[in-house]
2 protein chains.
Amino acid sequence: MSKNGQAKLERHRLLSRYLQGNPFLTDEDLAHILGVSIQTIRLDRADLNIPEMRERVKKMARGVYRHLRAITGKEIVGELVELEVGREGLSILNVTEEMTLQKTRVLDGRYLFAQANSLALALIDTDVALTGTAKVSFKRPVFKGEKVLARAIITRKKGNKYMVRISSYVKDELVFQGKFLVFDLSEEVRRLENSP
Amino acid sequence: MSKNGQAKLERHRLLSRYLQGNPFLTDEDLAHILGVSIQTIRLDRADLNIPEMRERVKKMARGVYRHLRAITGKEIVGELVELEVGREGLSILNVTEEMTLQKTRVLDGRYLFAQANSLALALIDTDVALTGTAKVSFKRPVFKGEKVLARAIITRKKGNKYMVRISSYVKDELVFQGKFLVFDLSEEVRRLENSP
DNA sequence: CTCTGCATTAGTACCTGGTACTAATAATAA
DNA sequence: TTATTATTAGTACCAGGTACTAATGCAGAG
């Protein structure tokens, strides 16, 4: 068993390392690389509790998936907790690892903007609203684990234009402030649809 | 063909969105969800140039893989096509279906903001840069299929503060304009790291 | 009303990258 | 030499497809 078993152990080590370096290798690839049969590779994987390539790849993909969805997936960033359409609203954003910048560990500013923008649009009582202009100010960095509470108030309304003021806090500290000029475009859209 | 073709187009839109929301769905899942046969789903995917689930998942996984190994690992929206650090830069964003709002079919403003913000930060020659304030203006809606060219120029520099002006165009039409005040925080970070 | 053309569905053969299992064949230790 | 362990071979089966052919539906044009 000694000589035989050592070769096996050594191969197990190599196998793990190869897969660590490149998880996309199939059993066939590995059999080639290690100069053994495909069955041996399968037995080795079974010994080492290493799943098949497709499962490995899926697992990795699921990792990014969350990261990706965090910003692009949803149209609304943050959770609406209070909404009085046409007046004011409240939204909470839980800052998770995926939302932070790798280097600084600070919440990516786009999330604060997105949260504010989502909330501003939600406030307008219409199907179709778009942001015209915005002036935003990032007051202090936000870190993982913090909860950002955004409060929005409609300060002015003139025709189909709304001015929305947003202040975002972590606890009692102001971290972000913005003014959004939002347009209600439902009329324009209706006109367009009725005259194709 | 009108009624039939419209149903198809609508299904294509839904399909894209479902897969955007969850790229792990198999053809069988999609057939169930959309209430059509599996063959129809395959034809739709062919029309839309959407690869099979395993390929999609692999692509995502490879994405992470690069992400993990990337030296810079910057979260950039849009593709950098020109960058003269400290002076100016150019970035292109291809607007796809997934980036548009469902109701209006218009590019979600956050993408324009994110593209501009990414570009502004990339311009600063440092490891750690954060946006302080921003004033942005959305000039006209952008639609699927359009290419947004963002041009950024550093207009002022004062200590660790940079003023970056960004203008984004579709062809020759201005669609977005913004001013970003960006801070270079590398000094602060170094100080913090040296005194733990 | 029938004909044409696209949309949809059905079905088949085949592929990759496996699992799960059985059996035969080395290689080694006792 | 024999028992033990490692390796290889082979088979049946599976998911999730591709690629192709053929049948059926269904709307609009003439």
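Chain A is the first sequence line, chain B the second, and so forth, proteins listed ahead of strands; every chain is numbered from 1. For the numbers below, each heavy atom of this structure counts, side chains included, while hydrogens, waters and symmetry mates do not.
Proximity of A/T40 to the phosphate of D/dT8: a side-chain N or O atom is located under 4.0 Å from OP1 or OP2. Residue B/R11 places none of its side-chain N or O atoms closer than 4.0 Å to OP1 or OP2 of C/dA7.
With DNA chain D read from its 5' end, the first of the two nearest nucleotides for B/Q39 and B/M53 is the one closest to B/M53. Each of B/L43 and A/T26 has a nearest nucleotide on DNA chain C; the 5'-most of these lies closest to B/L43.
The minimum heavy-atom distance linking A/E84 with A/L123 is given by the pair O-CD2, 3.8 Å. The two residues B/A122 and B/L80 come nearest to each other via the heavy atoms CB-CD1, 4.4 Å. The shortest non-hydrogen separation linking B/L48 to B/L15 is CD1-CD2, 3.7 Å.
The side chain of A/E52 approaches C/dG18 more closely than any other nucleotide in the set D/dT18, D/dT7, C/dG18.
For A/R54 against C/dG18, no side-chain N or O and base N or O form a donor-acceptor pair under 3.5 Å.
The CG atom of A/L19 lies 5.0 Å from the CG atom of A/L30; values are rounded to the nearest 0.5 Å.
Rounded to a whole Å, the CG atom of B/D47 is 13 Å from the P atom of C/dC6. A straight line from CZ of A/R42 to C1' of D/dT8 spans 12 Å, rounded to a whole angstrom. A/K8 places its NZ atom 13 Å from the C1' atom of C/dA27, with the value rounded to the nearest Å. For the pair B/D44 CG and C/dA7 P, the interatomic distance rounds to 10 Å; values are reported in whole Å. Rounding to whole angstrom units, CG of residue A/L25 and C1' of C/dG18 are separated by 15 Å. Going from atom CG of B/L19 over to atom P of D/dG17 covers 10 Å, rounded to whole Å. Rounded to an integer number of Å, the gap from CG of B/L15 to P of C/dA7 is 15 Å. Separating the CD1 atom of B/I50 from the C1' atom of D/dG17 is a distance of 15 Å, rounded to the nearest angstrom.
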Please tabulate, for side-chain N and O atoms in residues 168-183 of chain A, each donor-acceptor pair with protein atoms closer than 3.5 Å (sequence neighbours left out).
{"unit_1": "A/E173", "atom_1": "OE1", "unit_2": "A/R140", "atom_2": "NE", "d": "3.3"}
{"unit_1": "A/E173", "atom_1": "OE2", "unit_2": "A/R140", "atom_2": "NE", "d": "3.2"}
{"unit_1": "A/Q177", "atom_1": "NE2", "unit_2": "A/S167", "atom_2": "OG", "d": "3.2"}

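Taking the six-membered ring for Trp and thresholds of 30 and 60 degrees, A/F113 and B/F113 have nearly parallel ring planes, at less than 30 degrees apart.
Across all strands, B/R56 comes closer than 4.0 Å to no nucleic acid atom at all (heavy-atom distances).
For B/R45, the side-chain hydrogen bond (donor to acceptor under 3.5 Å, both in side chains) test picks out B/D27, with sequence neighbours left out.
Of the residues in residues 28-38 of chain A, A/V36, A/S37 come within less than 4.0 Å of DNA chain D through at least one heavy atom, sorted by number.
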